[in-house]
Amino acid sequence: MGKSKNSDASFIMQGSILAIASIISRIVGLIYRIPLTAIIGKTGNDYYGTAYSIYNIILIMSSFSLPLAVSKLVASRMGNGRAKDAFRVFKGALGFAIVSGGLGALLLYFGADYFTGTLLKTPLSAIALKVLAPTVFVVALLGVFRGFFQGLNTMMPSAFSQVAEQILNAIVSVVAAYMLYPTERG
């Protein structure tokens, strides 16, 4: 009975860590939109929104279910005492993430003009899409690491990467907007 209570407490603690990280990540996401909108204005924000919609579709196609799949496969192998096989799952998933995330990033970067100019008739959105493109690759890789650590029943690395990913996204978005968006700066 004591072992079950420890397991329940550990589960609640791990879940709490992920919940807190998710809340922090969403707050960072909300806060960085303020300087971003101040820099690029309403029109720039419309272009960014268009680019972000395309980015989300490619991101989902390249890496959406990776953390869950890796987590389940690693947990299953670890539960059966097959740590070597769990590490093989990790390496295979990492290879898949490199290919799918890399192809997604390349598709976004080199297809940005086609997606935004030809299909959506918002050619200035291509700049934002090109800035966002490399993150598809990074998110795919991080998804594999998250899944691996979740499969090992430790959520702290996943929580840290979730918050770090959002902070990096905020920094890249605001810096790129400042550098690329034409404004009258003195």
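Position 1 is the first residue of the sequence, and the numbers go up from there.
To the nearest 0.5 Å, the span separating CD1 on I58 from CZ on F115 amounts to 5.0 Å. Summarising the geometry, atom CD1 belonging to I20 is positioned 13.5 Å from atom OG belonging to S25; distances are rounded to the nearest 0.5 Å. Note that CG of L129 and OH of Y109 are 11.0 Å apart. Values are rounded to the nearest 0.5 Å. The CZ atom of F137 lies 10.5 Å from the CG atom of L103; values are rounded to the nearest 0.5 Å. Between atom CG of residue L142 and atom CG of residue L66 there is a gap of 11.0 Å, rounded to the nearest 0.5 Å.
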If you apply the rule side chain to side chain contact (heavy atoms under 4.5 Å, CB included), what do you find for M78 with N153, and how did you get there? CA-CA 10 Å; M78 291 302 288; N153 288 325; over 6 Å; no
Full working for side chain to side chain contact (heavy atoms under 4.5 Å, CB included) between N45 and R33: CA-CA 9 Å; N45 204 35; R33 296 292 291 197; 3.2 Å; yes
May I have the step-by-step check of side chain to side chain contact (heavy atoms under 4.5 Å, CB included) for S161 and F145, ending in yes or no? CA-CA 9 Å; S161 76; F145 281 97; over 6 Å; no
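Two different hydrophobic clusters hold V138 and V175 under the rule that ILVMFWY side chains link at heavy-atom gaps under 4.5 Å. By the rule that hydrophobic residues join a cluster once side-chain heavy atoms approach within less than 4.5 Å of another member, L152 and I17 end up as members of separate clusters. Note on M155 and F160: separate hydrophobic clusters, where clusters join Ile, Leu, Val, Met, Phe, Trp and Tyr whose side-chain heavy atoms are under 4.5 Å apart, directly or indirectly. Tracing side-chain contacts under 4.5 Å through hydrophobic residues (I, L, V, M, F, W, Y), one never reaches L107 starting from F110; they form parts of separate clusters. A continuous path of hydrophobic side-chain contacts links Y55 to L119 [ILVMFWY only; heavy atoms under 4.5 Å].
Around atom CZ of R82, more than 12 heavy atoms belonging to other residues, nucleotides or ligands sit under 6.0 Å away.
Closest heavy-atom contact between V136 and A105: CG1-N, 3.9 Å. The minimum heavy-atom distance linking A176 with V131 is given by the pair CB-CG1, 3.6 Å. Minimum heavy-atom separation, S63 to V139: OG-CG1, 4.0 Å. Between T154 and P157, the closest heavy-atom pair is OG1-CD, 3.6 Å. Residue A97 comes nearest to A140 through the heavy atom pair CB-O, 3.5 Å, listed as atom of the first residue, atom of the second, then distance.
Between L108 and L132, every side-chain heavy-atom pair lies at or beyond the 4.5 Å cut-off. Two residues are said to be in side-chain contact when any heavy atoms from C-beta on lie closer than 4.5 Å; L120 and I54 meet this criterion. With a 4.5 Å cut-off on side-chain heavy atoms, D113 and K130 count as touching. V172 is not listed as a side-chain neighbour of T135, based on a closest heavy-atom distance of 4.5 Å or more. Proximity of T50 to D46: side-chain heavy atoms (C-beta onward) are nowhere separated by under 4.5 Å. Side-chain contact check for Y47 versus I40: every heavy-atom pair is 4.5 Å or farther apart. Proximity of V144 to F96: side-chain heavy atoms (C-beta onward) are nowhere separated by under 4.5 Å. Inter-residue side-chain proximity for Q166 and Q162 is flagged as unmet; no heavy-atom pair is nearer than 4.5 Å.
Counting only distance, with no hydrogens or angles, the side chain of S53 and the backbone of G49 share a donor-acceptor pair below 3.5 Å. Between the side chain of S76 and the main chain of K72, no donor-acceptor pair closer than 3.5 Å is present. No donor-acceptor pair under 3.5 Å is formed between the side chain of S62 and the backbone N or O of G101.
Using a 30° and 60° split on the angle between ring planes, F90 and F148 fall in the tilted class, from 30° to 60°.
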